[in-house]
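Within every chain, numbering begins at 1; the chains are lettered A, B, ... in the order of the sequence lines, protein sequences first and strands thereafter.
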There are 2 protein chains.
Amino acid sequence: MATCNVIPDAGGIRPYRYRDGVLQLLDQRLLPTEETWLEYRDYQGVAEAIRTMVVRGAPAIGIAAAFGAWFAARDIPAETFDGFWTEFERRCAVLAATRPTAINLCWALERMKSLVRANPLQPVMNHKIALEYEALAIAEEDLRINRAMGRHGEALLGDGARVLTHCNAGALATGGYGTALGVIRAAVAAGKTISVYADETRPWLQGARLTAWELQRDGIPVTLICDNMAGYLMSKGEIDAVIVGADRIAANGDTANKIGTYSVAVLAKEHGIPFFVAAPISTIDLSLADGSLIPIEERGDREVTHCGDRQLAPEGVAVRNPAFDVTPARLITAIITEHGVAGGDYLPRLRELVAKGR
Amino acid sequence: MATCNVIPDAGGIRPYRYRDGVLQLLDQRLLPTEETWLEYRDYQGVAEAIRTMVVRGAPAIGIAAAFGAWFAARDIPAETFDGFWTEFERRCAVLAATRPTAINLCWALERMKSLVRANPLQPVMNHKIALEYEALAIAEEDLRINRAMGRHGEALLGDGARVLTHCNAGALATGGYGTALGVIRAAVAAGKTISVYADETRPWLQGARLTAWELQRDGIPVTLICDNMAGYLMSKGEIDAVIVGADRIAANGDTANKIGTYSVAVLAKEHGIPFFVAAPISTIDLSLADGSLIPIEERGDREVTHCGDRQLAPEGVAVRNPAFDVTPARLITAIITEHGVAGGDYLPRLRELVAKGR
């Protein structure tokens, strides 16, 4: 099924392109030294791209999964609703199983599925048409959401602020503009002088490879450090604020984000530095009372023991590689969303923000 | 001047060998995949080996510098004491300038120099003979010191303890056995079951490359993690104690050690986990009132931006690369030395321990 739907180039960095039924993903494993776009036409390919981190970042994973669900639907031969629905659910489950922590993946798939579920009397062909529109809508909305988050959040960063960020919560992690980096971009756009310290973010080096790359492209001053240097810079008074993204936020404000975020939050508290989380409403999971219920993905040893083909550790050494950790709400100064900022007692305020999004 | 002095192989891992006036250093830049021994016959070579981290670790740097000072003396043509002394001091200053933070470097050179200074009436040839003996004594003493440290410290680790260490304070960082890892080895030798989490220790990866390698060789269970994972494991109750080495300890107990140590100490305090420092008396610098006076070496960008030849960050990105940080005494549960353990009010106790060492 060929289409002529295109996401227009709104300017700025994007992790994906979509045209005529083909999804292109910028291979984030190869940045910053190679800019290679890979093409996807079926849901299995998209699932593999998410699993192997061609695309990463909670909102960008959600967008890729939405296109994956559209490819999944497009290729289903069944003509009855029941046949179509059964197979569509099965394929969406394959996409959902690729990464366990980021809730945006499930959120995007749920949104795609609910469109079908809500319209059981429509012919299968119409579902296929509507699902493409829905994937495009999810992607375009994300960019608007990030710009709104930037407007709400930029007031929290003072002129001259030296801001630490961990991992990449930027344009590459989203539909564009970014969550944490979107707030930084909005502060810069508001005329403030902002400089950024980017944690390199072992083992996958999202900070070194992606955050440094995209801030450098936008001309925002960025200084790269190893993760273990943030505490030293804080102790020297060289960091004024911390801002990070999120992969899942529990009802009480506990926030799962890239491994190491929790350590940064503890250090920020020790030094009296504000610690901000920027994330879309779709990241909030009200079904989980607190962060202890968020599943934490453990990834393979090789990410830690090797750098490309280069062996960094002795053969056969045991490794732990949790990809995320949970920062308790008490360490978070504020959570910035597209509908406003939450702080203090997160439970009622997050409920309110989620309700606004409905 | 050929000699037949040899350091006997006491068994176990050593970062150096010495025979017939030639110093061999195990090239720690190539571990764990290559075991290459480099030969040194002059002080310039030893200075370069320290500067480029062929040998690293505060006590091992002290030992290498002592041999460097002996090579420096050996090659001085002057026959008068004054001529010899002037040139010897100049050459020792070259060795002292290689790394600024570890005090053991200055301590070892001071010890070599004081031997000459104390005996101005001796002929130059005798100084040259005595300096070789002194370098050998410094090296052999260090091994004995580490074993004593192990005896004093092992009681602090309970049976079954899961112990986090940062960087490499092991046999490779010393004359053998190790400071922090020496305490772990002593606890294992005392019949306790100890397992170790090794922080990989960016950017130089001493934990991944050296600590994991030497513990694996000794059959002590070791699990490698990225630096940013320690907080997560602590929050999960998987770490019972932290033990690290030191590069310089101020009179009040503030301790400079590998970058990232401070962050680990803050995390340990947050989780109520004891944080131990193991270091020889020669690491204590009573001339500095507190840690703010310890010079912190900043190393080159490439250690952070590259892994071997592989580029990890975009071209031209700004980098900070402090090689050490300072952990304030209030975060340190105890300092373990070869003359006993200090805790609580460090100032009088460290003075007492230093006096014992005289």
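Heavy-atom minimum distance, Leu224(A) versus Ala313(B): CD2-CB, 3.6 Å. Considering all non-hydrogen atoms of both residues, Val304(B) and Cys226(A) come closest at CG2-SG, 3.9 Å.
Leu31(A) does not touch chain B: none of its heavy atoms, backbone or side chain, sits under 4.5 Å away. In this structure, the portion of Ile296(A) lying under 4.5 Å from any heavy atom of chain B is its side chain and not its backbone. Using a 4.5 Å cut-off between heavy atoms, Pro314(B) contacts chain A through both its backbone and its side chain. The contact between Leu233(B) and chain A is made entirely by side chain atoms (from C-beta outward), counting heavy-atom distances below 4.5 Å. When heavy atoms are compared at a cutoff of 4.5 Å, Ile259(A) approaches chain B by way of both its backbone and its side chain.
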Hey, what donor-acceptor pairs show up under 3.5 Å between chain A and chain B?
from	atom 1	to	atom 2	distance (Å)
Glu200(A)	OE1	Arg202(B)	NE	3.3
Glu200(A)	OE1	Arg202(B)	NH2	2.7
Glu200(A)	OE2	Arg202(B)	NE	2.6
Arg202(A)	O	Asn228(B)	ND2	2.9
Arg202(A)	NE	Glu200(B)	OE1	3.3
Arg202(A)	NE	Glu200(B)	OE2	2.6
Arg202(A)	NH2	Glu200(B)	OE1	2.7
Gln216(A)	NE2	Glu315(B)	O	2.9
Leu224(A)	N	Ala318(B)	O	2.8
Leu224(A)	O	Arg320(B)	N	3.2
Asp227(A)	OD2	Asn228(B)	ND2	3.0
Asn228(A)	O	Gly260(B)	N	3.4
Asn228(A)	ND2	Arg202(B)	O	2.9
Asn228(A)	ND2	Asp227(B)	OD2	3.0
Glu238(A)	OE1	Arg320(B)	NH1	2.7
Gly260(A)	N	Asn228(B)	O	3.4
Tyr262(A)	OH	His271(B)	NE2	2.6
Lys269(A)	NZ	Glu270(B)	OE1	3.3
Glu270(A)	OE1	Lys269(B)	NZ	3.3
Glu270(A)	OE2	Arg330(B)	NH1	3.3
Glu270(A)	OE2	Arg330(B)	NH2	3.4
His271(A)	NE2	Tyr262(B)	OH	2.6
Glu315(A)	O	Gln216(B)	NE2	2.9
Ala318(A)	O	Leu224(B)	N	2.8
Arg320(A)	N	Leu224(B)	O	3.2
Arg320(A)	NH1	Glu238(B)	OE1	2.7
Arg330(A)	NH1	Glu270(B)	OE2	3.3
Arg330(A)	NH2	Glu270(B)	OE2	3.4

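Taking chain A as the reference chain and counting heavy-atom pairs below 4.5 Å, the highest number among Gly207(B), Gly231(B), Ala318(B), Pro328(B) is found for Ala318(B).
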_Worked check of side chain to side chain contact (heavy atoms under 4.5 Å, CB included) between Val317(B) and Val222(A)_ = CA-CA 7 Å; Val317(B) 71; Val222(A) 56; 4.2 Å; yes
